[in-house]
Amino acid sequence: MSEKVIITGGSGRLGRAVVEGFAAAGHAVVSLDRGLPEEPVAGVDYRSIDLMNAEATHTAFKEISPQAVVSLAAMAVPFMAPEEVLLQTNATIAHNVTSAAVESGATRVVLASSPSIMGYGSPGGWVPEKLPLDENETPRPWHAYGLSKYVAEQIAAMFAAKMGPQSPVKFASFRPCFVIAEEEWDGAPTQQGHTVAERLQDPKLSAPALFNYVDARDVADFLLLLLELFDRVDNGAVFFVGAKDAMATRPLSEIIPEIYPELASLATGLTGDSPAFSIDKAREVIGWEPKRSWRSELKAKV
């Protein structure tokens, strides 16, 4: 069924794939972002807007009157700006978009979070309750980016609590792993500057993200399925969205102890190509399964 969907951050690394996926699925897509894409998708309504401006955001949403909203807009990398700026920007955008979505009559609102909220890589040390990580693990963000994404999840939960179980509007958030855009399989640099092949050749490059990754097109597929099957989702639910395997050429049960000895006992079950992040909830609740792996998509030999 075709619907009018607002996608914020539609010009970004993940946003481009999501916009393309939703347009290909027949939805009427309106992309709201500060900048316009160099290669726009045919049929998509692109609009430049400052989502930090609450009045402008509410006005645009009321004019568009979407049926669903997927919010990806944010400062996308830890430490890319002063901590207070990053926190204020991402939290404000999340609240402005969610509030505007509700007032505009949208019935489903999805906010992008991040696995980094879990706290791995903390200078103060980090040992989770178990591996792989799942949605039951308590987030422990240690930088403003992680905190801002945790706030985004709490904003979704706040609106779900505020509006109650009988509300016609439902909310969810998702934690996309390290996003790989389609061109990055061909050798374009990832968001950290090195290539996918280099991440695989040197485990220390993928270790800071605990070897997580996801193809941007698989995220688009997840979001399409989520919006279609929202009636199966608890209001305010959170999902990890990642590849079915790890960004590693050896089992994590071998690699993690070499780099993070303190996690050795927790990694014993991560044999074969098992990732450190569980996507079982997305599988069980909406039946989503990632289709792409570095093993099938990467053009360069490792």
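Residues F61 and L32 form a side-chain contact, since some pair of their non-hydrogen atoms from C-beta on lies under 4.5 Å apart. By the 4.5 Å heavy-atom criterion applied to side chains, P203 and I259 are counted as neighbours. Here the side chains of W126 and R140 are in contact, with some heavy-atom distance below 4.5 Å. Side-chain contact between V169 and V109: present, with at least one pair of heavy atoms (C-beta onward) separated by less than 4.5 Å. For the pair F171 and M163, the minimum side-chain heavy-atom distance is below 4.5 Å. Between L87 and L147, the closest side-chain pair of non-hydrogen atoms falls below 4.5 Å. Two residues are said to be in side-chain contact when any heavy atoms from C-beta on lie closer than 4.5 Å; F230 and N235 fail this criterion. Side-chain contact between P128 and L266: present, with at least one pair of heavy atoms (C-beta onward) separated by less than 4.5 Å.
Residues S293 and D245 have side chains that bring a donor and an acceptor to within less than 3.5 angstrom of each other. Checking S173 against S113 by side-chain atom types alone, no donor-acceptor pair falls below 3.5 Å. In summary, the side chains of R199 and S206 do present a donor paired with an acceptor at a separation below 3.5 Å, with no hydrogens or angles considered.
Salt bridge K244/E289: absent, no basic N to carboxylate O contact under 4.0 Å. Residues E258 and K204 are not paired through a salt bridge, judged by the lack of any N-O separation under 4.0 Å between the basic side chain and the carboxylate. Salt-bridge annotation for R175 and E135: absent, with no side-chain N of the basic residue lying under 4.0 Å from a carboxylate O of the acidic one.
Separation of atoms CD1 (I117) and NZ (K149) is listed at 10.0 Å; rounding is to 0.5 Å. In this structure, S71 OG and L51 CG are separated by 7.0 Å, a value rounded to the nearest 0.5 Å. Between the CD atom in Q67 and the CD1 atom in I6 there is a gap of 11.0 Å [rounded to 0.5 Å]. Note that the CD1 atom of I279 and the CZ atom of F174 stand 14.0 Å from one another [nearest 0.5 Å]. Put simply, CG on L298 and CE on M247 are 8.0 Å apart, with the number rounded to the nearest 0.5 Å. Note that CZ of F211 and CZ of F277 are 10.5 Å apart. Values are rounded to the nearest 0.5 Å.
In terms of heavy atoms, G15 sits closest to L72 at CA-CD1, 3.6 Å. Summarising the geometry of S253 relative to T268, their closest heavy-atom pair is CB-O, 4.0 Å, with the distance given to 0.1 Å. Summarising the geometry of W288 relative to G242, their closest heavy-atom pair is CH2-O, 3.3 Å, with the distance given to 0.1 Å. Contact detail for A243 and P290: the closest heavy-atom pair is C-CG, 4.1 Å. The two residues S11 and G35 come nearest to each other via the heavy atoms OG-O, 2.8 Å. Contact record, A237 with V233: CB-CG1, 3.5 Å, taken as the closest heavy-atom pair.
In this structure, L111 is not a member of the same hydrophobic cluster as F240, with clusters built from ILVMFWY side-chain heavy atoms closer than 4.5 Å. Following chains of ILVMFWY side-chain contacts shorter than 4.5 Å, one cannot reach I49 starting from L36, and the two form parts of different hydrophobic clusters. Following chains of ILVMFWY side-chain contacts shorter than 4.5 Å, one cannot reach Y150 starting from V77, and the two form parts of different hydrophobic clusters. Note: the hydrophobic cluster containing M75 does not contain V70 (ILVMFWY, side chain heavy atoms under 4.5 Å, direct or indirect links). No path of Ile, Leu, Val, Met, Phe, Trp and Tyr side chains, each step under 4.5 Å between heavy atoms, connects W185 with V179, placing them in separate hydrophobic clusters.
When the shell of 6.0 Å around CD of E184 is examined, it contains more than 12 heavy atoms from other residues, nucleotides or ligands. A 6.0 Å sphere centred on CD of Q88 holds no more than 12 heavy atoms belonging to other residues, nucleotides or ligands. The environment of NZ in K162 is sparse: at most 12 heavy-atom neighbours from other residues, nucleotides or ligands sit within 6.0 Å. Remark: D202 CG is packed, more than 12 non-hydrogen atoms of other residues, nucleotides or ligands lying under 6.0 Å away.
Checking side-chain atoms of N90 against main-chain N and O of S148 turns up no donor-acceptor pair under 3.5 Å. At least one donor-acceptor pair closer than 3.5 Å links the side chain of Y46 to the backbone N or O of V41. In this structure a side-chain-to-backbone donor-acceptor pair under 3.5 Å is missing from K4 to S65. Formation of a donor-acceptor pair under 3.5 Å by the S104 side chain with backbone atoms of A101 is found in this model. Without hydrogens or angle criteria, R108 side chain to L227 main chain gives a donor-acceptor distance under 3.5 Å. Proximity of a side-chain donor or acceptor of W142 to a complementary backbone N or O of Y120 within less than 3.5 Å is detected. Between the side chain of S48 and the main chain of R34, a donor-acceptor pair closer than 3.5 Å is present. Looking at K281, its side chain does come within 3.5 Å of a backbone N or O of V238 through a donor-acceptor pair. With N96 contributing its side chain and I93 its backbone, the two residues share no donor-acceptor pair below 3.5 Å. Between the E137 side chain and the E129 main chain, a donor and an acceptor come within less than 3.5 Å of each other.
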Can you give the donor-acceptor pairs under 3.5 Å from side chains of residues 216-226 to other protein atoms, not counting sequence neighbours?
from, atom 1, to, atom 2, distance (Å)
R217, NE, D215, OD1, 2.9
R217, NH1, E182, OE2, 3.3
R217, NH2, D215, OD2, 2.8
R217, NH2, E297, OE1, 3.2
D218, OD1, K291, N, 3.0
D218, OD1, R292, NH1, 2.7
D218, OD2, K291, N, 3.4
D218, OD2, R292, N, 3.0
D221, OD2, R292, NH1, 3.4

Please lay out, stage by stage, how E284 and R232 fare under the test side chain to side chain contact (heavy atoms under 4.5 Å, CB included). CA-CA 10 Å; E284 294 165 2; R232 301 183 184 180; over 6 Å; no
Between I180 and V196, does the side chain to side chain contact (heavy atoms under 4.5 Å, CB included) criterion hold? Intermediate values first, please. CA-CA 8 Å; I180 305 296; V196 174; 4.0 Å; yes
Any chance you could lay out the side chain to side chain contact (heavy atoms under 4.5 Å, CB included) test for H95 and F159, step after step, and finish with the verdict? CA-CA 10 Å; H95 188 273; F159 274 90; 4.1 Å; yes
Worked verdict on V29 versus I7 for side chain to side chain contact (heavy atoms under 4.5 Å, CB included): CA-CA 7 Å; V29 177; I7 298 173; 3.8 Å; yes
Tell me, with the steps shown, if E183 and R16 meet salt bridge (Lys or Arg N to Asp or Glu O under 4.0 Å). CA-CA 12 Å; E183 66 272 13; R16 296 194 309 271; 2.7 Å; yes
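The side-chain contact (heavy atoms from CB on, under 4.5 Å) with L270 is formed by just one residue from the set L252, I255, L210; it is L252.
Not counting sequence neighbours, the partners of K130 by the salt bridge (charged side-chain N to carboxylate O under 4.0 Å, His left out) test are D134.
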